[in-house]
Amino acid sequence: MPAEPAIDVPRHLFEAYERLAAGPTRPIAGGTDVMVAITGELGPAPERMLDLSRVDALRGIHLEPDGLVLGARTTYTEIRRSALCREHLPALVEAAATIGAAQIQNRGTLGGNIANASPAGDTLPVLLAADAMILVGGQRGEREVAAKDFFVAYRKTALAPDELILHVRFPVAPGREMRFRKVGTRRAQAISKVVMAVSWHDLGSNGWHDVRVALGSVAATPIRAPKTERVLEGAQPTPETVDLAAETLAAEIQPIDDVRSTADYRRAVAARILHRLLRDAGGW
Ligand SMILES: Cc1cc2nc3c(=O)[nH]c(=O)nc-3n(C[C@H](O)[C@H](O)[C@H](O)COP(=O)(O)OP(=O)(O)OC[C@H]3O[C@@H](n4cnc5c(N)ncnc54)[C@H](O)[C@@H]3O)c2cc1C
């Protein structure tokens, strides 16, 4: 639902909103996705671009009472170097470290990964597993969209053409744990064959709670695996539970064959990653 129009919109952001409202315009942040599309060989090239490099309102990493807030223009290098991210969101730091290599990490941004909405975007399962909220804005005002509602179809998001991603808020809850794993052809410059983030709360005597199993590269969008989450929810960390969760995940996801991998490989690897992450969490 649209919020009140932003009253104190900083000048560069205000101007950016004006440009976007004036007609089809493609924002450019780090340019690591947009510049690949600029030749038009991969689809229509953008006719007008909007450089976000001076929009400082999209920068910064802050710890606020309701979570860790990262500006859309935060680069992967900034995430890797951030003491706040390392303390409160180490899974995102791990994800950032797997993206491209140093050059891409220096330019590529969190907001660009989200807006690009590739099913293989490596930060996206982390957003889903963290219950992250994405703040978007434009001339009509600002609104927060849950990560789980943001990726609506293959490379389609809840973002309107005249809106920008402003920041991402990751709730920080004591006792919440998250693990991340990416499998690609190499350790750098590799698009994921399977990427996964798993989170839960308080693996004490009550077992797993608030479980989130989120994956990329196994569907048209980054997804959660609700059937697998239900197997784990409230269950004790036993070998039987972990086996059942992995079997459920392999049956639940519907990956495709493509140039990077086969559906069978993706299903098998997703199940093994989950098995390993849960066994590690259970301590055996
Ligand atoms: C060699 C190479 C390796 C790569 N490796 C990986 C990898 O391992 N994992 C991975 O996930 N990705 C990878 N990528 C893809 C890319 O680097 C990431 O998706 C990156 O996060 C994009 O960020 P950017 O700032 O460069 O986006 P840009 O290219 O500037 O923009 C990408 C899209 O987002 C839109 N956009 C950007 N910022 C905003 C905003 N604030 N609001 C609204 N829309 C916005 C743009 O209009 C565009 O549609 C790789 C790319 C290259 C070229």
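In listed order, ligands and their atoms are each counted from 1.
In this structure, the protein non-hydrogen atom closest to atom 31 (O) of ligand 1 is V34 CG2, 3.5 Å. In terms of protein heavy atoms, atom 26 (O) of ligand 1 is closest to T32 OG1, 2.6 Å. When hydrogens are left out, the protein atom nearest atom 34 (O) of ligand 1 is A115 CB, 3.2 Å; that is the closest non-hydrogen contact. Nearest to atom 50 (C) of ligand 1 among the protein's heavy atoms is I104 CG2, 4.2 Å. Atom 1 (C) of ligand 1 has as its closest protein heavy atom Q189 OE1, 3.5 Å. For atom 9 (N) of ligand 1, the closest heavy atom belonging to the protein is D122 OD2, 2.7 Å. Counting protein heavy atoms only, atom 25 (O) of ligand 1 is closest to T109 OG1, 2.6 Å. At the shortest separation from atom 42 (N) of ligand 1 among protein heavy atoms lies I165 N, 2.8 Å.
Residue contact check for ligand 1: T98 places a non-hydrogen atom closer than 4.0 Å to it. Within the structure, ligand 1 has A190 among the residues with a heavy atom less than 4.0 angstrom away. Under the 4.0 angstrom criterion for non-hydrogen atoms, Q103 is not in contact with ligand 1.
In terms of heavy-atom proximity, P46 sits nearest to A37 at CD-O, 4.1 Å. Across all non-hydrogen atoms, the minimal contact from A117 to L124 is CA-CD1, 4.3 Å.
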**Request:** Give the intermediate values and the outcome of side-chain contact (heavy atoms from CB on, under 4.5 Å) for residues V126 and F180.
**Result:** CA-CA 7 Å; V126 178; F180 171 88; 3.7 Å; yes
**Stepwise side-chain hydrogen bond (donor to acceptor under 3.5 Å, both in side chains) test for N106 and T77** = CA-CA 5 Å; N106 286 339; T77 298; 2.7 Å; yes
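Follow the hydrophobic side-chain contacts under 4.5 Å out from I165 and you never reach M49; the two are in separate clusters.
Using a 4.0 Å cut-off between charged nitrogen and carboxylate oxygen, R59 and E78 count as a salt-bridge pair. Between D280 and R179 there is no salt bridge, since no side-chain N of the basic residue sits under 4.0 Å from a carboxylate O of the acidic one. Using a 4.0 Å cut-off between charged side-chain N and carboxylate O, R11 and D56 make no salt bridge.
The only member of L215, V218, V194 that meets side chain to side chain contact (heavy atoms under 4.5 Å, CB included) when paired with P255 is V218. Under the side-chain hydrogen bond (donor to acceptor under 3.5 Å, both in side chains) rule, D162 has a single partner from Q139, R140, R19, which is R140.
Contacts with ligand 1 closer than 4.0 Å are made by side-chain heavy atoms of L159 only, the backbone lying farther away. Contact annotation for S118 and ligand 1: no heavy atom of the residue comes within less than 4.0 Å of the ligand. With a 4.0 Å heavy-atom cut-off, ligand 1 is reached by no atom of H167.
Within ligand 1, counting atoms from 1 as listed, the ones closer than 4.0 Å to a heavy atom of L164 are 42 (N), 43 (C). Less than 4.0 angstrom separates some heavy atom of L52 from each of these atoms of ligand 1: 38 (N), 39 (C), 40 (C), 41 (N). Of all the atoms in ligand 1, the ones that sit under 4.0 Å from a non-hydrogen atom of G121 are 11 (O). Close contacts between ligand 1 and I28 involve ligand atoms 30 (O) [criterion: under 4.0 Å to a heavy atom]. The atoms of ligand 1 that sit less than 4.0 Å from any heavy atom of G30 are 24 (P), 25 (O), 26 (O), 30 (O). Listed by atom number, the atoms of ligand 1 under 4.0 Å from R26 heavy atoms are 47 (O), 49 (O). Counting the atoms of ligand 1 from 1 in the order shown, those under 4.0 Å from a heavy atom of A29 are 25 (O), 30 (O), 37 (C), 38 (N). Ligand 1 places these atoms under 4.0 Å from at least one heavy atom of G31: 24 (P), 26 (O), 28 (P), 29 (O), 30 (O).
Of the polar atoms of E163, none of the N or O atoms is found under 3.5 Å from an N or O of ligand 1, judged by distance alone. Of the N or O atoms in Y76, one or more lie within a sub-3.5 Å distance of an N or O in ligand 1. Of the N or O atoms in G100, one or more lie within a sub-3.5 Å distance of an N or O in ligand 1. In terms of N/O distances under 3.5 Å, ligand 1 is not approached by V36.
T75 places no side-chain N or O within 3.5 Å of a backbone atom of T109 that could act as its donor or acceptor partner.
How far CG of L274 is from CD1 of I253: 10.0 Å, rounded to the nearest 0.5 Å. Distance check, rounded to the nearest 0.5 Å: CG of D66 to CE of M133 gives 10.0 Å.
In this structure, a donor-acceptor pair under 3.5 Å is present between the side chains of R176 and S199.
For K193 and Y265, the positive end sits near the middle of the six-membered ring, less than 6.0 Å away and at most 45° from its axis.
Within the structure, every pair that satisfies the side chain to side chain donor-acceptor pair (under 3.5 Å) test and touches residues 20-36, not counting sequence neighbours, is listed here: T25-R48, D33-N116.
Distance remark: protein heavy atom not present below 4.0 angstrom from atom 14 (N) of ligand 1.
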